[in-house]
There are 2 protein chains.
Amino acid sequence: MKKQNVTIYDVAREANVSMATVSRVVNGNQNVKDATKQKVLNIIDKLDYRPNAVARGLASKKSTTVGVIIPNVTNTYFASLARGIDDIATMYKYNIILTNSDGNNQRELTSMNTLQAKQVDGIIFMGNEISEELRSEFKKSRAPVVLAGSVDASGKIPSVNIDYRQAVYSEVTNLINNGNDRIAFVSGPLERSINKDFRLKGYKDALTDAGIPYEKSLLFETDVSYSGGYALRERLQKNEVTAAIVTDDDMAAGVMNSMTDDGVSVPGEFELATSNDTKLTEMTRPTMSTITQPLYDVGAVAMRLLTKLMNNEDIEENKVFLPFGLKKRESTK
Amino acid sequence: MKKQNVTIYDVAREANVSMATVSRVVNGNQNVKDATKQKVLNIIDKLDYRPNAVARGLASKKSTTVGVIIPNVTNTYFASLARGIDDIATMYKYNIILTNSDGNNQRELTSMNTLQAKQVDGIIFMGNEISEELRSEFKKSRAPVVLAGSVDASGKIPSVNIDYRQAVYSEVTNLINNGNDRIAFVSGPLERSINKDFRLKGYKDALTDAGIPYEKSLLFETDVSYSGGYALRERLQKNEVTAAIVTDDDMAAGVMNSMTDDGVSVPGEFELATSNDTKLTEMTRPTMSTITQPLYDVGAVAMRLLTKLMNNEDIEENKVFLPFGLKKRESTK
DNA sequence: CTGTTAGCGCTTTCAC
DNA sequence: GTGAAAGCGCTAACAG
């Protein structure tokens, strides 16, 4: 015997009021006499009535859900942002539809489409690069879009980040001050704006300001993964680098382990600094010095920004930059 | 000028057919003449019509979304399952609503409620323990529930797991064969069925079968976290353990690092085996021996099972157990 | 403070 | 093969 779902109409009838009144008490509208409100509440309780969010969404044109596009939940960096997003979303009574894109442009576009089909009220995008198509999809979207921990070359999309250029600049400067002049820059694909226009820029600026010539051979592009980093050892050694700045913690762990596994002493013969401040930086031996950044907060603030956008509130600033720091651990002198 | 959304009605009018026909072509119904189908398709394209999933959900009583309750996306173990879930969900045209519970009973219940309010077609639950209230909520739910990587003491809820007892049994036996007779059992709260009824059981059974007396003082309950593990060193040493089986990789890394940081040689003086086969096991030094388990697949199979349940298909077996293995790395002899 | 009445955009019989 | 019409369960004017 399949239990028929109880609707707003059922409780209206049972309570001898109109649907409108039931709707009012359910939605906390003040214009209801206390007595009737109680009466309705009782019936709701008795019937175990639960509002159907889908019907509500159709009628109100608000789904109280936001879409989240993430490269891969399995990546601690993005997962940390996602956690911040979900917490703030929950706080504001939104749910999250999560879709993994693997940073694949086609899948990002597909996600945008299904998310919009599901009438999400807003979208948070995390990704390494924003294609032109994607950008135009963002623009067309009736749901506002906010970038979290992701850089937009055009600079027009609301976003929450840290100042990647400045962060890398500081860290490289630190490495230089430690006496290094052959510092590797290890990152994912340089075609990505975040790597090319910000991090690499910071790296170059630091070298320039220190009067150290920039060498292309010290750029190492690879998979953003542990194994991607691990595979770099020979090339690194051949180029006689004495230090490296790495843009991802998994990748950094790979680089460092490949060195220590080969008998290289860290930080004695090789210094390493990484970028994402995930808990992995404390789990490796030696522990890894890193740029610190409030991962959770980047997600949280992005979601908060999105709530404002969804409410058409005035925004002081479209692009917010959260403070970063430098944490010295064992992998640098 | 806010663009009015184009509806099925618009394309019907424009194509000189009824809404019903448009609906048919959108849904791939065969009963449409090829010519009219083409005509409709053209208009859809021209108008850039996109079906409203919410309206569709209300009319069809199917939302094509499933709810996923996860303790914390930030935990690689669960995140890996979540990834498997999402991939299979996507394959079957479902989206995922993700909610973090922190394993908190109250929040799990809240999530169940909002998920059902949103009319999800099914629910995947990951969690360390299932309270009675939760179990009854599962039973009341019109959306089928499947557990992923989570144990149900009552044994009635569909689930996908590995045989935790057997896995721990094998690993402990291995440690015994390496000559250890003071083996620590390190886990999260023992009130959790998965720890008490399965893993601890496997530990005890292995000792018994090897004729080694069971000692309560070798049980170490703590936070399931790196720091929780790290904090255990003194107690471990005081109890003169020579090996440990740990039920979580972060926790295991903590235990191991606390030992090596104190100058204890691993595996020389202390052997360690862990349980979850996350990539962390390869990132620590020494690398950690572990139970191997198909994390992604546990999620994937759970989602597949759920699709069958949602379609009222016949299920051969409610509880599926995926194969596990043992991977020897550097932390054991 | 409360009820009436239209929809929201789509699916789904039921006819033709 | 196609159309008409009745909802799905709820919100939102509007009227009183």
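Note: hydrogens, waters and symmetry copies are ignored here, and every other heavy atom, side chains too, is used. Proteins get letters first, then strands, A, B, ... in listed order; numbering begins at 1 in each. Just so you know, these numbers come straight off a predicted model, no measurement behind them.
The two residues A/Met112 and A/Ser141 make their nearest non-hydrogen contact at CE-CB, 4.2 Å. The two residues B/Asp10 and B/Val6 make their nearest non-hydrogen contact at OD2-CA, 3.3 Å. Among all heavy-atom pairs drawn from A/Ile69 and A/Ser111, the shortest one is CD1-CB, 3.8 Å.
Of the possible donor and acceptor atoms, none in the side chain of A/Thr21 sits under 3.5 Å from a partner among the backbone N and O of A/Val17. Looking only at distances, no side-chain donor or acceptor of B/Asp121 sits under 3.5 Å from a matching main-chain atom of B/Lys62.
In this structure, B/Val54 reaches neither bases nor backbone, as no heavy-atom distance under 4.0 Å exists between it and the strands shown. Counting non-hydrogen atoms under 4.0 angstrom, B/Asp10 reaches nothing in the nucleic acid.
Note on B/Ser18: every side-chain N or O is 4.0 Å or more away from OP1 and OP2 of D/dT2. For C/dT12, the OP1/OP2 oxygens have no side-chain nitrogen or oxygen of B/Lys61 closer than 4.0 Å.
When each of A/Thr65, A/Asn52, A/Asn95 is tested with B/Lys118 by the rule side-chain hydrogen bond (donor to acceptor under 3.5 Å, both in side chains), just one qualifies, namely A/Asn95.
Applying a 4.0 Å cut-off to non-hydrogen atoms, the residues of residues 29-43 of chain A that approach DNA chain C are A/Asn31, A/Val32, A/Lys33, A/Thr36, listed by residue number.
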Base, backbone or nothing for each nucleotide of nucleotides 10-16 of chain D, written B, S, -, heavy atoms under 4.0 angstrom, 5' to 3'? BBBB---
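Taking atom CZ on B/Arg13 and atom P on D/dT2, their separation rounds to 20 Å, with Å as the unit. Note: CG (A/Leu58) to C1' (D/dG9) measures 9 Å, nearest angstrom.
Under the salt bridge (charged side-chain N to carboxylate O under 4.0 Å, His left out) criterion, the residue pairs touching residues 32-47 of chain B are B/Glu14-B/Lys46, with sequence neighbours excluded.
Other residues, nucleotides and ligands place more than 12 heavy atoms under 6.0 Å from the CZ atom of A/Phe321.
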